[in-house]
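Only a predicted model underlies this, so the values are computations on that prediction, with no experimental measurement involved.
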Amino acid sequence: MNGNDYSLKSLTPESTLLYLLRTLFGSAAEYAVYIPDSGDVIVLTKGQLVFLVERGCADAMIKTLPQLAARNIVRPINPEEIEYPDEVSALYVETTGAFIGTLETALYPDEPQYPQWWDAPVPFAITSRGVLRLNDTAISMFGTGLEKLNASELPERDEFIVRLEAPNGARFMAFRKLKPGIFTVDDCTEDLTDAQDITWWAAVGQTWAREIEAKGGKWQRLSSPPEGRKKGFRPCEWQGQLQGYLDIQMPRRKPSPKPTEPQPKPEPIPQQQEEPIQPEPLTMRRADDVIGSIGPQAMALLAAGQSREHEGYY
């Protein structure tokens, strides 16, 4: 493998413009072409790349060329204005890597550049030039629904899962990157459903454990039943397989006192209203009546007193 082949295989959209310029001079290509996942194709000459490097863009990445063109820092070439594009060579850079081809490819950039092993009996997917394509093996296994996805909106990770709506329910497809823009595809619906089920029951168990602790109880996981006890522990199974035992110990509750029968409330004693004392009426008595009411002894005392009074005057 010579140096030019190594430079071509190392060229990606994250490479610098200076690296692109060096690779272009080291190849027989006359133009540099960047095909983004979405947007217009960028076609530049060697002279334009030299201009960008001299303007301080040497460390700028190739994938920033659409932004540089939008700021009028560089004006890409229209490939339709080139005579005999099928006879002019160009260095192409896209998500899946770099390759040498004719400039005619820049006129029809919708079809990705497939690797030589694309037709192997393995489900492959390629995300390039704004589209997602499946090989025949993947189509026979999963259908063409995945090709409706927007390639530019897929996560930029080595592994990710895509939810695919289907008439018989949702399906989950796992993508694993083999190289930039090329993935293996696997249906992980069953595995993901089992994982969600396990997560649910794990959440239920944590909630139950918190309630036990909140009531002052204790719990522990045991590999075998506790010796000498027949109660207070529970076997834990998952899909018919024993996973262990859960030992639960709750604090003893004090017996609550027997409720006493309520005593009847005494009836209130009615308050008696005191009658106001009425003063006796004053009656005027005549002198004869007064004398008539005096007894004989009182009369004798009065008479004696009267005699003594009279004796004082004589």
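Enclosure of atom CH2 in W118 by more than 12 non-hydrogen atoms of other residues, nucleotides or ligands within 6.0 angstrom is indicated. Counting non-hydrogen atoms of other residues, nucleotides and ligands closer than 6.0 Å to CD of E80 gives a total of 12 or fewer. The 12-atom threshold is not exceeded at CD of E156, counting heavy atoms of other residues, nucleotides or ligands nearer than 6.0 Å. Enclosure of atom CG in D59 is not indicated, since only 12 or fewer non-hydrogen atoms of other residues, nucleotides or ligands lie within 6.0 angstrom. When the shell of 6.0 Å around CH2 of W200 is examined, it contains 12 or fewer heavy atoms from other residues, nucleotides or ligands. At most 12 heavy atoms of other shown residues, nucleotides or ligands fall within 6.0 angstrom of atom CD in Q241. Within a 6.0 Å sphere centred on CD of E165, heavy atoms belonging to other residues, nucleotides or ligands number more than 12. Counting heavy-atom neighbours within 6.0 Å of D40 CG, excluding the residue itself, gives a total of 12 or less.
Side-chain contact between I182 and P115 is present, with heavy atoms from C-beta onward closer than 4.5 Å. Looking only at side-chain heavy atoms (C-beta outward), I62 and I42 stay at 4.5 Å or farther from each other. Counting heavy atoms from C-beta outward, L107 and P85 have side chains that approach closer than 4.5 Å. Residues L8 and L91 meet the side-chain proximity criterion, which asks for heavy atoms closer than 4.5 Å. Under the 4.5 Å side-chain criterion, counting only non-hydrogen atoms from C-beta, I248 is in contact with R234. Contact check for V88 versus T102: no side-chain heavy atoms found under the 4.5 Å cut-off. Between R176 and F183 there is no side-chain heavy-atom pair separated by less than 4.5 Å.
Atoms CG and CG, from D191 and D187 in turn, are 9.0 Å apart once rounded to the nearest 0.5 Å. Considering CG of D247 and OG of S224, their distance stands at 10.5 Å, rounded to 0.5 Å. The CD atom of E30 sits 7.0 Å away from atom NZ of K46, with the distance rounded to the nearest 0.5 Å. The CD1 atom of I198 sits 7.0 Å away from the CD atom of Q239 when rounded to the nearest 0.5 Å. To the nearest 0.5 angstrom, L149 atom CG is 6.5 Å from F175 atom CZ. Note that CH2 of W219 and CH2 of W208 are 10.5 Å apart. Values are rounded to the nearest 0.5 Å.
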When you look at T184 and F124, which way does the side chain to side chain contact (heavy atoms under 4.5 Å, CB included) test go after all the steps?
CA-CA 5 Å; T184 59; F124 293 128; 3.8 Å; yes
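L11 and L49 end up in the same hydrophobic cluster when Ile, Leu, Val, Met, Phe, Trp and Tyr side chains are linked at under 4.5 Å. Residues L21 and V74 are members of one and the same hydrophobic cluster, defined by side-chain heavy-atom contacts under 4.5 angstrom among Ile, Leu, Val, Met, Phe, Trp and Tyr. At a threshold of 4.5 Å between side-chain heavy atoms, the hydrophobic network of Ile, Leu, Val, Met, Phe, Trp and Tyr places V93 and F25 in one connected group.
A distance-only check finds no donor-acceptor pair linking the side chain of T64 to the backbone of Q67 [under 3.5 Å]. In this structure a side-chain-to-backbone donor-acceptor pair under 3.5 Å is present from T189 to F172.
The aromatic rings of Y92 and F99 lie parallel to each other, with less than 30° between the two planes, well short of the 60° mark.
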